Amino acid sequence: MSRLVMKFGGTSVGDMDRIRNVAAHVKREVDAGHHVAVVVSAMAGTTDNLVNLCNEADPRHDRREYDSIVAAGEQISSGLLAIALQKMGVKARSWTGWQVPIKTTSDHGSARIEEIDADNMAARMEDGEVSIIAGFQGVTAENRIATLGRGGSDTSAVAMAAALDARCDIYTDVDGVYTTDPRIAKHAHKLDRISYEEMLEMASLGAKVLQTRSVELAMVYKVPLQVRSSFDPPDNIPNVPGNNFGPGTLVCDEELIVEQQVVSGITYSRDEAKVSVRHVLDKPGISAAIFAPLSKAGVVVDMIVQNVSPDGKYANVTFTVPAKDLDRAVESLEQSKDDIEFDTLEHSSNVAKISVVGVGMRSHAGVASKMFETLAAHNINIQAISTSEIKTSVLIDEDYTELAIRSLHTAYGLDEEQE
Ligand code: ADP
Ligand code: ASP
Ligand code: MG
């Protein structure tokens, strides 16, 4: 009998009707003979409300208290789902992160899972009881509740699947992973399969359908991961013997993908901000002088561009940081002004990072140049570029985000053919 972890996101458990629908999906799998554990997110909007309350209480709130407040949403949804299942005659019990226990680091607000003691959950599974585990949370060595970063229930689910040696189905509000966010490009099409590596790039470059860390864990522990929709009718999903996976997108090893495209997907992120340090002396050590204070302030830098003046004496250094860290970055650079000796500091949050991702880039030339040509043809200026083996990213004016995504989607031949 196979073990299965089913994860349901915020929209999927958004109200009592939707929770009953989720219970029906779970019951289907139990009736099909699977040993099931479930991980749930908070009901849609709940976590945002809790975060806002913390900020209202004090914008500089204690991160330990933040975690104990924002983790509350998942406690409610897990309990409600347990009741809905019990009412349908399915044996079920809810569990918070500390009760499992899911042990995490002490980085409150972005903790990492260190260890899961899954013996109790495994025993209950074997006994036919469905454990409903509150996602997004765990417990630190200091016995405090910690959360895993926004979108962290995906990571809870994959970690539980790894600990239970189960496969993992992620149910969300779209029916799989698309070539780009289907809410932005209506020609986006669903991928039947995507490699762990590409999914990892897509998630870390802005495709919020899966939290980046969840893909990392799935890749390391070889957890078969299926993304599918909770909006599919629960009684209408084919349960083909020998094919456990059903509809959706399978995230799997590259070798299992028969028809590999050069470019698999296009992503965007509006979570970065641009900083330009103007008119610094172009001499050895200048980059170290600029980036040391940022690293000391704990600010992660992503894209970097340097322009040198025609006489070779001066440079402008432009880079991106997470938008949430912009104030901290600017403050730390201002404090180091005497060391860096810059003229002016400029910054803007009105930027977006657009990326094309595909393992085919390893062997095909011209992917990046097609990106630059397409953007040029639409008069979109590129402010910074970064590349890796399987992705090219550009920074553009945020106002052109949708135009850039749609035109690149067409240029790489990803548009779904319309009937
Ligand atoms: P959940 O609450 O179920 O965790 P999320 O909102 O976190 O759901 O993730 C699902 C959303 O991810 C979709 O509604 C979709 O708008 C967005 N998304 C972004 N990029 C993609 C993509 N490439 N494929 C599918 N969905 C995507
Ligand atoms: N409820 C949390 C959030 O909104 C975790 C999750 O949904 O995955 O970020
Ligand atoms: Mg999510």
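Just so you know, these numbers use all the heavy atoms, side chains as well, and skip hydrogens, waters and symmetry mates. For this chain, numbers begin at 1 and follow the sequence in order. One-based numbering, in listed order, for ligands and for the atoms of each. Bear in mind that the values here come from a model prediction, so they are computed numbers and not experimental data.
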Inset, instruction - Could you tell me the separation between the CD atom of E398 and the CD1 atom of I354, rounded to the nearest 0.5 Å? - result: 9.5 Å
Legend entry - Nearest atoms (heavy-atom pairs only) where L210 meets D154: CA-OD2, 3.4 Å
Legend entry - Contact check: S41 vs ligand 1, nitrogen or oxygen atoms, below 3.5 angstrom: no
Inset, instruction - For G152 and ligand 2, answer yes if some heavy atom of the residue is under 4.0 Å from a ligand atom, otherwise no. - result: yes
Legend entry - ligand 2 to S41 polar contact by distance, N or O atoms, under 3.5 Å: yes
Inset, instruction - May I ask you to test the R93-E129 pair for a side-chain heavy-atom distance under 4.5 Å? - result: yes
Inset, instruction - Verify side chain to side chain donor-acceptor pair (under 3.5 Å) between T155 and Q211, making sure each step is shown before the conclusion. - result: CA-CA 7 Å; T155 300; Q211 201 200 31; 2.4 Å; yes
Legend entry - Any N or O of G151 closer than 3.5 Å to N or O of ligand 2: yes
Inset, instruction - Output the list of atoms in ligand 1 that are nearer than 4.0 Å to some heavy atom of Y178, sorted by atom number. - result: 22 (C), 23 (N), 24 (N), 25 (C)
Inset, instruction - Name the option, out of S156, G45, S153, that contains the heavy atom nearest to atom 8 (O) of ligand 2. - result: S153
Legend entry - Check ion pair D15-R20 (N to O, under 4.0 angstrom): no
Legend entry - Part of Q211 within contact of ligand 2 (heavy atoms, under 4.0 Å): neither
Legend entry - Salt bridge flag under 4.0 Å for residues K222 and D253: yes
Legend entry - Protein contact for atom 6 (O) of ligand 1 (heavy atom, distance under 4.0 Å): no
Inset, instruction - Could you check Y268 against D181 for side chain to side chain donor-acceptor pair (under 3.5 Å), going step by step and ending with a plain yes or no? - result: CA-CA 9 Å; Y268 67 97; D181 188 342; 3.1 Å; yes
Inset, instruction - Check each atom of ligand 1 against the heavy atoms of M202 and keep those under 4.0 Å away; list them by number with element. - result: 23 (N)
Legend entry - salt_bridge(R228, D175) N-O dist < 4.0 Å: no
Legend entry - Atoms of ligand 1 close to A207 [distance to a heavy atom under 4.0 angstrom, numbered from 1]: 20 (N)
Inset, instruction - Provide the closest heavy-atom pair for M88 versus K27 in the form atom of the first, atom of the second, distance. - result: O-CE, 3.6 Å
Inset, instruction - Tell me which part of T180 gets within contact of ligand 1: side chain, backbone, both or neither, using heavy atoms under 4.0 Å. - result: backbone
Legend entry - atom 25 (C) of ligand 1 [closest protein heavy-atom partner, distance rounded to 0.1 Å]: G176 O, 3.4 Å
Inset, instruction - Please work out whether any backbone atom (N, CA, C, O) or any side-chain heavy atom from C-beta onward of T172 is under 4.0 Å from ligand 1, and answer side chain, backbone, both or neither. - result: both
Inset, instruction - Please check if any side-chain donor atom of H409 sits under 3.5 Å from a side-chain acceptor atom of T180, or the reverse. - result: no
Legend entry - Presence of salt bridge, K391 and E197, under 4.0 angstrom: no
Inset, instruction - Examine the proximity of ligand 1 to P182 and report which part, side chain or backbone, both or neither, has a heavy atom under 4.0 Å away. - result: side chain
Inset, instruction - Could you tell me whether some N/O pair between K7 and ligand 2 is separated by less than 3.5 angstrom? - result: no
Inset, instruction - Could you list the atoms of ligand 2 found under 4.0 angstrom from a heavy atom of R150? - result: 3 (C), 4 (O), 9 (O)
Inset, instruction - State, with a plain yes or no, whether a side-chain heavy atom of D232 is found less than 4.5 Å away from one of P247. - result: yes
Legend entry - Atom indices of ligand 1, in the order listed, that fall short of 4.0 Å to a heavy atom of V177: 24 (N)
Legend entry - Ion pair D325/R328, N-O distance below 4.0 Å: yes
Legend entry - Protein heavy atom at shortest distance from atom 1 (N) of ligand 2: E74 OE2, 2.7 Å
Legend entry - E331 vs Q335 side-chain heavy atoms within contact, under 4.5 Å: yes
Legend entry - Protein contact of atom 2 (O) of ligand 1 - nearest heavy atom, named by residue and atom, plus distance: G10 N, 3.1 Å
Inset, instruction - Check each atom of ligand 1 against the heavy atoms of D173 and keep those under 4.0 Å away; list them by number with element. - result: 10 (C), 11 (C), 13 (C), 14 (O)
Inset, instruction - From the options D181, I266, V209, L205, select the one whose nearest heavy atom is closest to atom 12 (O) of ligand 1. - result: V209
Inset, instruction - Indicate, as side chain, backbone, both or neither, the part of K208 found under 4.0 angstrom from ligand 1 when only non-hydrogen atoms are considered. - result: backbone
Legend entry - Per-atom contacts of ligand 1 with K7, taking only distances under 4.0 Å to non-hydrogen atoms: 4 (O)
